[in-house]
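A, B, ... follow the sequence lines: proteins, then strands. Residue 1 opens every chain.
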Amino acid sequence: MSQPKLPPMPEAPKDPLSILHDRFMDAMRAVMGEALPEGASPMLAPSKDPKHGDFQSNGAMPLAKRAGQNPRALAEKIVAALNIGDIAETPEVAGPGFINIRLKAGALSGALAAMDTAALGVAPVSGGAKPQTVVVDLCGVNLAKQMHVGHIRATVIGDALARLHERLGWKVVRQNHFGDWGLPIAMVTDAVKRAVEGRRLSLASLSLEELEKMYRRAQRDCEADEGGLAAVTRFGLGPKAEAELGAQVAGARENLARAQAALVALQSHEASHYAVWKEISRVTLAACFAAVGRMGANVTDEHTAGESSYAEELAPLVKDLVDRGVAEESDGALVVRLEEFGIKEPCIIRKSAPKGVAGGGAGGGGVTGGSAGGGFLYATTDLAAIRRRVQKFGASKVVYAVDGRQALHFKQVFAAAKKAGYARLAGGGDAELLHAWFGTILGEDGRPFKTRSGENVKLADLLEEASQRAEGAVREKNPGLPDAERRAVAEAVAMGAIKYADLSSDRIKDYVFSFDRMLAFEGNTGPYLQYAVVRIRSIFRKAAEQFGAGEAGAASSAALSLEAPEEKAIALELLKYPGVLRSAADACEPHRLCGYLYELAQAFSTFFAACPVLQATTEAQRRSRLRLCSLAGRVLADGLHTIGIKVLDRM
RNA sequence: GUCCCGGUAGCUCAGUUGGAUAGAGCAGCCGCCUUCUAAGCGGCAGGUCGGGCGUUCGAAUCGCCCCCGGGACGCCA
């Protein structure tokens with residue numbers, strides 16, 4: 001068959017959209033000459049309604065507005081100057097100045113064949129040069145605490161953003177910013193250490209449940225009810241109340257003092273404290289990696305950088321900021337002022353000196369930070385992290401998958417880092433610092449998702465429940481599956497359902513968590529997408545049975561004929577893939593990819609119902625359709641992999 | 001009080017630098033399995049895009065003012 005002549009394609013094939021874009025720019029320049037404004041664009045987009053062709057250009061209208069011309073007349077002029085006869089029919093001008101373009105059948109199949117490569121038409125961002133580095137901050141667990149629903153988003157969104165960048169050829173460094181340092185950590189370390197010494201606890205068999213209880217208790221035991229005591233004394237509520245509160249306050253003060261001593265011991269790596277802390281850390285992370293691994297997120301020990309790993313850097317960092325005049329004193333605290341960034345609230349990097357005991361805070365700077373001030377704060381650690389990520393890891397982009405409530409904090413830290421020069425790139429300019437924030441997971445009552453008793457829902461429990469529910473569903477829908485495969489399928493379906501529910505809506509919004517909806521397996525869900533892949537793979541199994549093992553191979557180079565509207569619709573959908581990936585990564589919005597994959601799956605399902613593949617009327621049609629199935633299947637599988645969802649052969 | 005984010009069909013959500021008749025899914029109703037997995041497909045019905053004013057050929061989208069909900073606001077992380 002005669003393929004249309006396309007412009008030379010050295011590396012990645014040019015998709016019809018970028019070809020059209022170039023030709024339109026030429027035509028617009030020809031029509032407007034010098035008057036063509038700087039950022040002018042043909043504003044090409046896929047048409048929403050097939051009646052309006054395959055693509056439309058909306059650029060003539062704004063152009064006419066700025067030039068004070070009649071939009072329709074300008075559109076006509078652009079069309080007259082347009083040279084796209086090789087790939088498209090003569091465009092029509094419609095309405096106030098829309099230009100509708102219909103591709104020639106050969107151009108569509110040619111473009112589709114061009115993207116039928118291992119890379120699926122996706123060119124690496126670096127364009128063959130040395131890949132750029134992006135750091136993705138994700139997961140964010142805390143020592144001695146179980147993961148709960150709140151960690152789903154930081155993990156799943158962060159992992160998806162990392163995968164998106166990897167897919168586009170970035171070098172990705174994942175960083176699990178582990179909350180393993182500071183006074184609260186010292187409290188629980190001290191409590192565990194004493195329990196072990198008192199033989200009430202065995203270090204060898206610590207469980208995270210126990211640790212979490214001890215963490216809460218230790219914190220409570222350090223909270224002195226000073227206000228209560230003052231009130232009791234002032235209002236003379238009796239010696240008994242006074243004595244009870246007095247004892248509470250005295251005990252709390254003692255506990256606090258001991259925790260502060262423990263912090264000092266930890267900072268100097270004193271052996272007995274350090275060993276206990278290390279073991280608590282190990283137990284916490286083991287549980288974290290188990291849960292995260294079950295979800296298929298790639299977060300392990302090598303991606304984990306505890307706050308403790310920055311402890312030694314904080315005092316020199318603060319000194320550096322003071323020496324260079326970046327930080328200044330304010331009410332006894334050290335702050336970086338950010339008015340020049342339009343931020344009123346300064347970034348506090350060291351507390352004012354406490355009246356009584358020294359120490360405390362994230363870094364416990366009261367000890368290592370010298371006598372001039374109090375402890376460091378989490379902003380201090382985050383500044384050190386930016387410095388490490390940009391200057392040591394070489395990141396030109398740092399993405400934080402962290403709860404939206406920290407938006408102001410990150411605004412401050414990003415600005416402070418730039419002011420301090422910690423985000424400066426080797427080649428000049430600052431690294432891009434991006435807070436890819438997300439909203440809260442809500443229960444079906446519209447309030448933050450909690451158990452009936454008001455506790456946080458444990459991540460591990462939630463994953464297990466999803467898996468159980470999915471297994472029931474799989475048993476019902478496909479009773480023929482062997483036990484082992486059924487469990488594997490249920491597991492993949494359950495995790496896919498949870499992750500897709502999280503990724504498929506705009507991350508910035510809160511979303512309502514519902515097992516029933518995500519596991520209904522209907523409509524816009526993870527299982528629907530997995531199912532589309534399963535149906536495609538099933539076709540290929542049957543093809544091998546009916547036509548021999550070589551059939552798939554024969555189809556892979558078959559001529560594509562896109563006659564049925566359902567075939568054409570898939571083709572147009574497939575061609576969007578590279579652009580969607582790029583836009584999702586640029587905006588750090590995985591839901592753009594999810595929406596696309598859902599539309600592709602829908603296009604496939606419609607095709608599946610309308611166009612017999614194995615029962616096609618001719619061998620040529622069968623092979624063309626098989627090739628279309630193959631492409632759809634590979635894009636779906638690639639896209640699902642890119643958002644971290646497993647693909648199955650059967651379900 | 002200041003600032004940030006939301007408000008789109010009964011419910012859950014999409015809606016690309018302003019573009020054509022605002023789209024899906026669920027729930028409801030009507031069809032479709034002797035043919036590749038019906039976890040599917042086709043169709044019907046469902047909307048003052050929170051409200052108002054403005055900008056213009058054109059506004060869910062941009063500007064201003066309100067209303068409602070959530071969140072953050074210097075020594076917690």
Side-chain angles (χ1 to χ4, degrees), chain A residues 39 41 43 45 47-49 51-52 56 58 61-62 64-65 70-72 94-98 100 140 142 179 182-184 307 330-335 343-352 354 360-362 373-375 377-379 381 403-409 411-412 437 439-440 442 444 446 448 473-474 476-478 493 501 504-506 508-512 514 516-517 519-525 527-528 530-532 534-543 546 579-580 583 587 591-592 594-595 598-599 602 605-610 612-615 625 629 650-651:
Chain A
S41 154
M43 299 182 63
S47 298
K48 283 171 193 152
D49 189 331
K51 272 191 304 209
H52 300 132
Q56 59 180 310
N58 304 328
M61 293 173 282
K65 181 187 260 183
N70 179 301
R72 222 189 134 98
F98 298 102
N100 294 334
N142 293 300
L183 191 57
E307 289 177 340
S330 169
D331 295 333
L334 275 177
V335 305
I343 303 170
K344 278 185 227 156
E345 299 85 351
C347 183
I348 306 177
I349 56 168
R350 198 181 68 193
K351 298 194 230 181
S352 55
L377 292 144
Y378 72 131
T381 309
D403 193 293
R405 283 173 294 198
Q406 301 206 33
L408 175 61
H409 165 70
K411 247 171 98 176
Q412 293 173 307
W437 84 41
T440 308
L442 305 176
E444 290 182 77
V474 174
E476 187 187 314
K477 308 253 185 196
N478 194 347
V493 163
S504 60
S505 65
D506 193 342
I508 222 161
K509 294 190 182 177
D510 295 347
Y511 83 91
V512 177
S514 161
D516 288 337
R517 195 153 358 95
L519 290 172
F521 308 155
E522 291 166 339
N524 192 0
T525 60
Y528 176 86
Q530 289 171 318
Y531 181 61
V534 161
R535 292 169 111 186
I536 293 170
R537 295 190 172 176
S538 177
I539 290 175
F540 279 94
R541 272 197 306 275
K542 291 266 160 55
Q546 290 176 31
V580 169
S583 122
H591 82 285
R592 297 189 189 205
C594 293
Y598 179 59
E599 277 168 19
Q602 273 184 316
S605 294
T606 302
F607 160 85
F608 182 89
V613 178
L614 300 179
Q615 309 299 323
R625 288 182 175 173
C629 286
R650 299 195 292 179
M651 62 188 277

*Looking at A:Lys542, does any N or O in its side chain come under 4.0 Å of the phosphate oxygens OP1/OP2 on B:U35?*
no
*Mark yes or no for whether A:Ser330, through its side chain, and A:Val335, through its backbone, hold a donor-acceptor pair below 3.5 Å.*
no
*How many Å lie between NZ on A:Lys48 and P on B:A14, as a whole number?*
16 Å
*Of all heavy-atom pairs between A:Ile343 and A:Gln412, which one has the smallest distance, and what is that distance?*
CG2-CG, 4.1 Å
*Within the structure shown, what part of the strands sits under 4.0 Å from A:Leu614 by heavy-atom distance: base, sugar-phosphate, or nothing?*
base
_Any side-chain N or O of A:His409 below 4.0 angstrom from OP1/OP2 of B:C73?_
no
*Taking the C1' atom of each, how far is B:A27 from B:A9, in whole Å?*
12 Å
*With a non-hydrogen cut-off below 4.0 angstrom, is A:Arg650 in contact with a base, only sugar-phosphate, or nothing?*
base
_P gap between B:A24 and B:C62, integer Å_ = 24 Å
*asked:* Tell me whether the ring of A:Tyr531 lies stacked over the B:G40 base, given a 5.5 Å limit on centroids and a 30° limit on the plane angle.
replied: no
*Considering only B:C13, B:A39, B:U16, which nucleotide approaches the side chain of A:Val474 most closely?*
B:A39
*Ignoring backbone atoms, establish whether A:Tyr378 has a side-chain N or O less than 4.0 Å from OP1 or OP2 of B:A77.*
no
*Looking at every strand, decide which applies to A:Asp49 at a 4.0 Å heavy-atom threshold: base, sugar-phosphate, or nothing.*
nothing
*Taking atom C1' in both B:G6 and B:C49, what distance in whole Å separates the two?*
14 Å
*Can you tell me if the side-chain N/O atoms of A:Lys51 get under 4.0 Å from OP1 or OP2 in B:U21?*
no
Could you list, one pair per line, each protein nitrogen or oxygen that sits under 3.5 Å from a nitrogen or oxygen of nucleotides 41-43 of chain B, together with the distance?
unit_1	atom_1	unit_2	atom_2	d
B:C41	OP1	A:Tyr528	OH	2.7
B:G42	OP1	A:Thr606	OG1	3.1

_Quick check for you: among B:C57, B:G40, B:C75, whose closest atom lies nearest to any side-chain atom of A:Met61?_
B:C57
*Of all the choices, B:C76, B:U2, B:G19, which nucleotide is nearest to the side chain of A:Lys351 once you look at every atom?*
B:C76
*asked:* Considering every strand and a 4.0 Å limit on heavy-atom distances, what is the contact class for A:Asn70: base, sugar-phosphate, or nothing?
replied: nothing
_Can you check the distance between B:C67 and B:U21, where both ends of the measurement are the P atom (answer in whole Å)?_
34 Å
_So A:Leu442 and A:Tyr511, do their side chains get closer than 4.5 Å, heavy atoms only?_
no
*Remember a base hit wins even if backbone is also touched, and classify A:Ala407 as base, sugar-phosphate or nothing at under 4.0 Å, heavy atoms.*
nothing
